[in-house]
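A quick write-up on the structure given underneath.
Every heavy atom of this structure was used, including side-chain atoms; hydrogens, water molecules and symmetry mates were not. Nothing here was measured: the structure is a model prediction, and the numbers come from that model.
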Amino acid sequence: MRVLSGMRPSGRLHLGHLYVLERWMELQAEHDCYFFVADWHALSTNYDEAAAVLDLTHDMVADWLAVGLDPERSVLFVQSDVPQHAELHLVFSMFTPLAWLERVPTYKDQIRQLGERGKDLHTYGFLGYPLLQAADILIYRADAVPVGEDQLPHIELCREVARRFNHLYAPVFPEPQGLVATVPLLPGVDGRKMSKSYGNEILLAAEPEEVGRRVNAMITDPARIHKTDPGHPEVCVVHTYHGIYSVPRLAELEESCRGGKIGCVACKKILAETLNRLLDPVRERRREYLARPGYVEEVLAAGAARARAEAAATMEAVREALGWRRQP
Ligand code: TRP
Ligand code: SF4
């Protein structure tokens with residue numbers, strides 16, 4: 001099975017991204033995987049901050065490698081290094097009805113949401129965002145696409161585009177499946193969704209002391225003043241984390257909190273240690289490749305070469321299907 005997925009370049013990744021990457025790593029162990037940084041997609045909303053995308057891309061790929069994505073097993077690359085994505089997008093744009101793009105649920109929502117923050121997204125490129133995504137997937141003739149649930153309408157559009165192409169010209173493309181895994185919702189230290197824009201995240205690259213500081217900043221049960229006061233773990237962010245990362249000790253921790261037998265300081269210390277154990281191998285791998293200057297760029301150059309070869313073969317099949325193969 002061929003698997004493909006992409007991420008918009010968001011720079012340093014946080015704990016919430018770890019699930020997604022762990023899923024990618026499971027897939028890379030068994031399938032032919034392509035993972036890429038969607039830098040052109042970033043331009044569709046951040047066209048006024050284009051230059052920042054370069055560092056964001058580098059930092060994100062550095063985190064992929066630190067987490068353990070393996071460039072020997074998976075093809076890791078940057079979208080804009082493979083011009084065939086854009087070429088196929090152009091071909092698709094010729095026969096994709098505008099109505100298909102206008103009815104994608106995220107389209108009008110995002111125009112409104114980002115419009116409120118002063119960003120005008122009534123652009124050609126933004127309307128075409130899911131069509132570019134379809135080209136990303138189909139240029140590698142991928143069978144399966146691990147994505148978040150919010151992306152399913154984009155996968156559905158991709159299937160429709162594949163069907164339409166196959167019907168108009170010749171059967172070149174598979175109809176890819178979305179692979180949705182349910183991931184626990186990880187709150188940020190303030191209890192809101194973990195996000196860079198809230199500044200409430202714990203970065204995968206955080207040093208142990210920083211993890212300790214972030215855990216100390218977590219919102220706990222406000223009714224607990226003394227450590228002997230009975231606690232309400234259900235309102236506590238620390239406890240939500242224990243529920244994800246400290247499963248074997250969860251019942252014991254919960255009982256100690258309710259019975260006023262553990263203080264929040266001690267409870268947080270346990271969590272910080274658990275998170276640091278989780279991040280230690282990530283730090284170790286990061287140290288290894290930081291000792292090799294230019295490593296990230298090398299990985300991306302090799303990945304782009306492999307991706308381009310595959311993408312060029314698909315474009316040949318596309319030309320053939322269009323009836324545009326010139327006789328030599
Ligand atoms: N739209 C995806 C997101 O916001 C990123 C993306 C771009 C993608 N192209 C893709 C995901 C192709 C999967 C396949 O998360
Ligand atoms: Fe939260 Fe732990 Fe304090 Fe209970 S003891 S309120 S679970 S930090």
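Scanning for side chain to side chain contact (heavy atoms under 4.5 Å, CB included) contacts around L179 gives R23, L27, A144, P146, with sequence neighbours left out. V235 meets the side chain to side chain contact (heavy atoms under 4.5 Å, CB included) test with D221, P222, H232; sequence neighbours excluded. Applying the side chain to side chain contact (heavy atoms under 4.5 Å, CB included) test to E288 and every residue at least two apart in sequence or in another chain returns E284, R285. Residues that satisfy the ring-ring contact (aromatic ring centres under 6.0 Å, His included) test with H239, not counting sequence neighbours, are absent from this structure. Checked against side chain to side chain contact (heavy atoms under 4.5 Å, CB included), R277 has the following partners two or more places apart in sequence or in another chain: E273, T274. E49 pairs by the salt bridge (Lys or Arg N to Asp or Glu O under 4.0 Å) definition with nothing, not counting sequence neighbours.
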Identify each donor-acceptor pair in which a side-chain atom of residues 96-118 lies under 3.5 Å from a protein atom, sequence neighbours left out, and give them as a table.
{"from": "T96", "atom 1": "OG1", "to": "F92", "atom 2": "O", "distance (Å)": "2.7"}
{"from": "R103", "atom 1": "NH2", "to": "E160", "atom 2": "OE2", "distance (Å)": "3.3"}
{"from": "T106", "atom 1": "OG1", "to": "H154", "atom 2": "NE2", "distance (Å)": "3.2"}

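The hydrophobic cluster around M94 extends to L90, counting ILVMFWY residues whose side-chain heavy atoms fall within less than 4.5 Å of a member. Listed by chain and number, the hydrophobic cluster partners of I262 are L253, I270, where partners are ILVMFWY side chains within reach of under 4.5 Å, directly or through others.
Between H17 and M60, every side-chain heavy-atom pair lies at or beyond the 4.5 Å cut-off.
Pairs engaging residues 194-206 under the side chain to side chain donor-acceptor pair (under 3.5 Å) rule: D190-N200, S195-S197 [sequence neighbours left out]. Residue pairs satisfying the ring pair (Phe, Tyr, Trp, His ring centres under 6.0 Å) criterion with at least one member in residues 134-153, sequence neighbours excluded, are listed as follows: Y34-Y140, F77-Y140, H85-Y140. Sorted by first and then second residue, the side chain to side chain donor-acceptor pair (under 3.5 Å) pairs involving residues 166-189 (not counting sequence neighbours) are R163-E175.
With salt bridges taken as basic N to acidic carboxylate O contacts below 4.0 Å, none links R308 and D81. In summary, D32 and R2 engage in a salt bridge, as defined by a charged side-chain N under 4.0 Å from a carboxylate O.
Residues D70 and Q28 bring no donor and acceptor atom of their side chains to less than 3.5 Å of each other.
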